[in-house]
Engineer: 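Quick one: structure below, then a few questions.
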Amino acid sequence: MERRRYWLFKSEPDEFSIDDLRRAPQGTQRWDGVRNYQARNFLRDHVKIGDGVLFYHSSTREPAVAGTATIVREGYPDPTASDPGSPYCDENHDPSRPRWYSVNLCFESKFVTPLTRGVLAGHPVLSGMMVMRRGMRLSIQKVRATQWRAVLKLARKLSSKADE
DNA sequence: GCCAACGTTGGC
DNA sequence: GCCAACGTTGGC
């Protein structure tokens with residue numbers, strides 16, 4: 001049995017936020033519009049059903065890990081690539097040889113207290129996350145199991161503090 | 001709004 | 001195949 005893998009998906013909350021995911025039908029959403037080959041390879045080849053996803057809000061006043069999600073459908077051709085009405089439409093796209101891929105993910109949790117970069121930077125494990133690297137703009141990133149556990153633990157800790 | 005870092009494009 | 005120019009990302 002293969003080990004569960006973990007990922008970080010970046011999204012600008014103005015475009016699509018953790019709340020949007022929670023409110024989606026069945027809490028499930030297609031992750032489309034990825035137009036970077038490295039991220040595409042992850043979606044096409046490595047992201048599997050049941051994998052855990054850290055939902056990261058980028059390009060916003062306070063970038064943060066906002067919650068978690070689960071992969072519910074594995075890589076399949078991204079329909080927006082051949083949709084003339086979509087801003088993600090790829091003019092050179094040949095549907096018989098799909099170039100861009102989507103997965104579906106399902107809402108799992110929203111953190112009461114989002115884990116901001118400041119908080120992550122102060123953590124011995126999480127300061128080493130890929131997303132913390134300067135200039136790192138890959139929108140789908142690998143997350144280590146130790147990092148995943150540390151994120152959930154820290155999120156629980158900060159949430160209980162917020163309740164006091 | 002600034003700007004560093006990055007990925008892509010296209011001329012050669 | 002190189003690499004300069006360009007557009008984009010994304011933290012600050």
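Per chain, numbering begins at 1; letters A, B, ... match sequence-line order. On a predicted model such as this, the values are computed, not experimentally measured, just so you know.
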Engineer: State, with a plain yes or no, whether a side-chain heavy atom of A:Tyr88 is found less than 4.5 Å away from one of A:Asp32.
Structural biologist: yes
Engineer: Please state how far atom CG in A:Asp14 lies from atom P in C:dG11, giving the value in whole angstrom units.
Structural biologist: 13 Å
Engineer: When the ring planes of A:Tyr37 and A:Trp100 are compared, do they come out parallel, tilted or perpendicular, using 30° and 60° as the limits?
Structural biologist: tilted
Engineer: Between A:Arg137 (CZ) and B:dT8 (C1'), how many Å, whole number?
Structural biologist: 9 Å
Engineer: Between A:Phe55 and A:Trp7 (judged by ring centroids, cut-off 6.0 Å), do the two rings come close enough to count as a pair?
Structural biologist: no
Engineer: What is the separation between atom CZ on A:Arg133 and atom P on C:dG11, rounded to the nearest whole Å?
Structural biologist: 15 Å
Engineer: Among the candidates B:dA4, B:dG7, C:dG10, find the nucleotide nearest to the side-chain atoms of A:Arg134.
Structural biologist: B:dA4
Engineer: Between atom CE in A:Met129 and atom P in C:dG11, what is the gap in whole Å?
Structural biologist: 13 Å
Engineer: What is the distance, to the nearest angstrom, from the CE atom on A:Met136 to the C1' atom on B:dA4?
Structural biologist: 14 Å
Engineer: Does A:Tyr56 put a side-chain nitrogen or oxygen below 4.0 Å from OP1 or OP2 of C:dT9?
Structural biologist: no
Engineer: Please report the distance, rounded to the nearest Å, between CZ in A:Arg61 and P in B:dG1.
Structural biologist: 17 Å
Engineer: For the side chain of A:Arg117, counting heavy atoms from C-beta on, which of B:dT8, C:dC12, B:dA5 is nearest?
Structural biologist: C:dC12
Engineer: What nucleotide, of B:dT8, B:dC6, C:dG11, holds the atom closest to the side chain of A:Pro63?
Structural biologist: C:dG11
Engineer: Give a yes or no on whether a salt bridge exists between A:Asp51 and A:Lys48, defined as a side-chain N under 4.0 angstrom from a carboxylate O.
Structural biologist: no
